[in-house]
2 protein chains.
Amino acid sequence: MESNDNFLENCLFFNTNALSRYLLKLAEKEFKHLKISPAHASLLLLVFDMPGISPKNLGLNLHLTPSTITRFIDSLEKRKLVKRRTKGKSALISATQKGLELKSPIAIAYKKLYMKYTKILGTKTANQLSFDILKASKELTNYNDNNE
Amino acid sequence: MESNDNFLENCLFFNTNALSRYLLKLAEKEFKHLKISPAHASLLLLVFDMPGISPKNLGLNLHLTPSTITRFIDSLEKRKLVKRRTKGKSALISATQKGLELKSPIAIAYKKLYMKYTKILGTKTANQLSFDILKASKELTNYNDNNE
DNA sequence: ATTATATACTTGCATATGCAATTATTATGT
DNA sequence: ACATAATAATTGCATATGCAAGTATATAAT
């Protein structure tokens, strides 16, 4: 039974949310064998790229709040995948040896995730959509930063 | 400090997630004065539209799992906004009088939310993006239904 | 009619994430 | 130099949501 309700289907918020949850499930499957969540994996990617990066900076890149970042790091540190050094009020995060071993598997998992949805949506469509969403996201964020 | 990491920024999953969280916050602000979350509000909209709708059907429309729907209804029922009737193994959900009083305020809040992001993104862009996201979401979901 | 299977809903538990308050450190104004 | 303000990280608490297992009812197969 289909609803005749096209109100929700016109809502960017609603549609984005639904897509986001779908892709999350897809991503979780792809990362499951690494025993790591996609979100933690993305933090690790940044740490690989920029050893010594601060939690604040991680949050900015991942669009996550400081408290969430703290917990991500707690969790990854407990699993000996990253380590903290404190320098004054800041912290410096870098990967451990064990963490570094995940570098390539994570890249592969992301690639496979990419393949999965591009196979369904088509490469061009998927790339365009990703780009458009990024653009919107940036515009909204910038507007916010400048107006409140 | 900007990261030179364009890997994440190319990831549809990552970008969608970020946009989704941004819009969620925006939506929460718009619904806060009604003391209701955007997700609960969307369930109510469906119930207004289709009194007696089943939880299963609500889940299909909202792209949420049965357990989540159960809890939404629990919560709204506790606040006397909806009521359950059970008929065999099914449940029939409808709005109470008190719930119906929210019909118009919720519609207004959605409208204001729409205005907020269209003001930033432009009406045309926002509508197009919403449409594209819905389309992708449907394609992915359909593919899933047919292939596993 | 009885058993087996499928369906609808619910519940227990786990994870993700944010906000507001707190703590620790650094920067600024006088 | 000291008090005040700003910044970075953390912690307590709350909400959202899913998965897997459980319960109740309906349907199908013998």
Side-chain angles (χ1 to χ4, degrees), chain A residues 1 13-14 16-29 31-32 35-43 52-79 82-93 144 148, chain B residues 1 13-14 16-29 31-32 35-43 52-79 82-93 144 148:
Chain A
M1 192 205 311
F13 159 62
F14 183 77
T16 305
N17 217 260
L19 180 60
S20 170
R21 251 171 311 108
Y22 175 89
L23 290 173
L24 174 61
K25 252 199 306 186
L26 205 63
E28 276 169 347
K29 270 188 219 157
F31 284 91
K32 190 169 184 189
K35 298 190 195 315
I36 205 172
S37 75
H40 285 182
S42 62
L43 185 147
I53 188 174
S54 68
K56 180 189 167 68
N57 212 323
L58 285 166
L60 290 174
N61 278 282
L62 297 172
H63 308 285
L64 291 169
T65 58
S67 56
T68 299
I69 299 294
T70 291
R71 278 174 249 263
F72 277 24
I73 297 170
D74 286 349
S75 158
L76 292 169
E77 198 179 35
K78 193 173 297 173
R79 295 179 52 195
V82 304
K83 51 181 185 284
R84 281 179 165 98
R85 252 173 316 141
T86 10
K87 172 159 189 175
K89 67 183 171 185
S90 314
L92 305 177
I93 314 301
N144 240 33
E148 50 191 77
Chain B
M1 195 203 315
F13 159 62
F14 183 77
T16 306
N17 216 260
L19 179 60
S20 170
R21 250 170 313 108
Y22 176 89
L23 290 172
L24 174 62
K25 252 199 307 187
L26 204 64
E28 275 168 348
K29 268 187 220 157
F31 283 90
K32 190 169 183 187
K35 296 189 196 314
I36 205 171
S37 75
H40 285 181
S42 60
L43 186 147
I53 187 173
S54 68
K56 180 188 167 67
N57 212 323
L58 285 166
L60 290 174
N61 277 283
L62 297 172
H63 308 285
L64 291 169
T65 59
S67 57
T68 300
I69 299 294
T70 292
R71 276 173 250 263
F72 278 24
I73 297 170
D74 286 349
S75 158
L76 292 168
E77 199 179 34
K78 193 173 296 173
R79 294 178 54 193
V82 304
K83 51 181 184 283
R84 279 180 167 99
R85 251 172 319 139
T86 11
K87 172 158 190 177
K89 68 183 172 185
S90 314
L92 305 178
I93 314 301
N144 240 33
E148 53 190 78

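Throughout, a chain's letter reflects where its sequence line sits, starting with A, and its residues are numbered from 1. Just so it is clear, the structure is predicted and the values come from calculations on it, not from any experiment.
Side-chain atoms of B:T68 and B:L62, non-hydrogen and from C-beta on, never get closer than 4.5 Å to each other. With contacts defined as side-chain heavy-atom distances shorter than 4.5 Å, the pair A:R84/A:D74 qualifies.
The CG-C1' distance, from B:L76 to C:dT10, rounds to 16 Å in whole Å. The interatomic distance linking B:L64 (CG) with D:dT15 (C1') rounds to 14 Å, in whole Å. The CZ atom of B:R85 sits 16 Å away from the C1' atom of C:dA8 (whole-angstrom rounding). Distance A:L23 CG to D:dG18 C1': 16 Å, rounded to the nearest Å. Between B:L26 atom CG and C:dC19 atom C1' there is a gap of 17 Å when expressed in whole angstrom units. For the pair B:L60 CG and C:dT7 C1', the interatomic distance rounds to 13 Å; values are reported in whole Å. The interatomic distance linking A:H63 (NE2) with C:dG18 (C1') rounds to 16 Å, in whole Å. The distance between atom CD of A:E28 and atom P of D:dT17, rounded to the nearest whole Å, is 14 Å.
Not a single ring pair (Phe, Tyr, Trp, His ring centres under 6.0 Å) links A:H63 to another residue, sequence neighbours left out.
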Discussion item. I'd like to compare against my own output: the B/S/- annotation of nucleotides 6-13 of chain D with a strict under-4.0 Å heavy-atom distance to protein.
Written reply: -BSSBBBB
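Tested against B:T16 for a side chain to side chain contact (heavy atoms under 4.5 Å, CB included), the candidates A:L24, A:N17, A:L23 yield a single pass: A:L23.
To the nearest 0.5 Å, atoms CD1 (A:I69) and CG (A:L60) are separated by 9.0 Å. Note that CD1 of A:I93 is 9.5 Å distant from CG of A:L76, once rounded to the nearest 0.5 Å.
Note on A:S37: a side-chain N or O is less than 4.0 Å away from OP1 or OP2 of C:dA16.
Toward the 5′ end of DNA chain D lies the nearest nucleotide of A:K25, the other residue of the pair B:K87 and A:K25 mapping further downstream.
Looking only at distances, a side-chain donor or acceptor of A:T70 sits under 3.5 Å from a matching main-chain atom of A:P66.
Distance from the side chain of B:T65 is smallest for D:dG18 among the nucleotides C:dT17, D:dT17, D:dG18.
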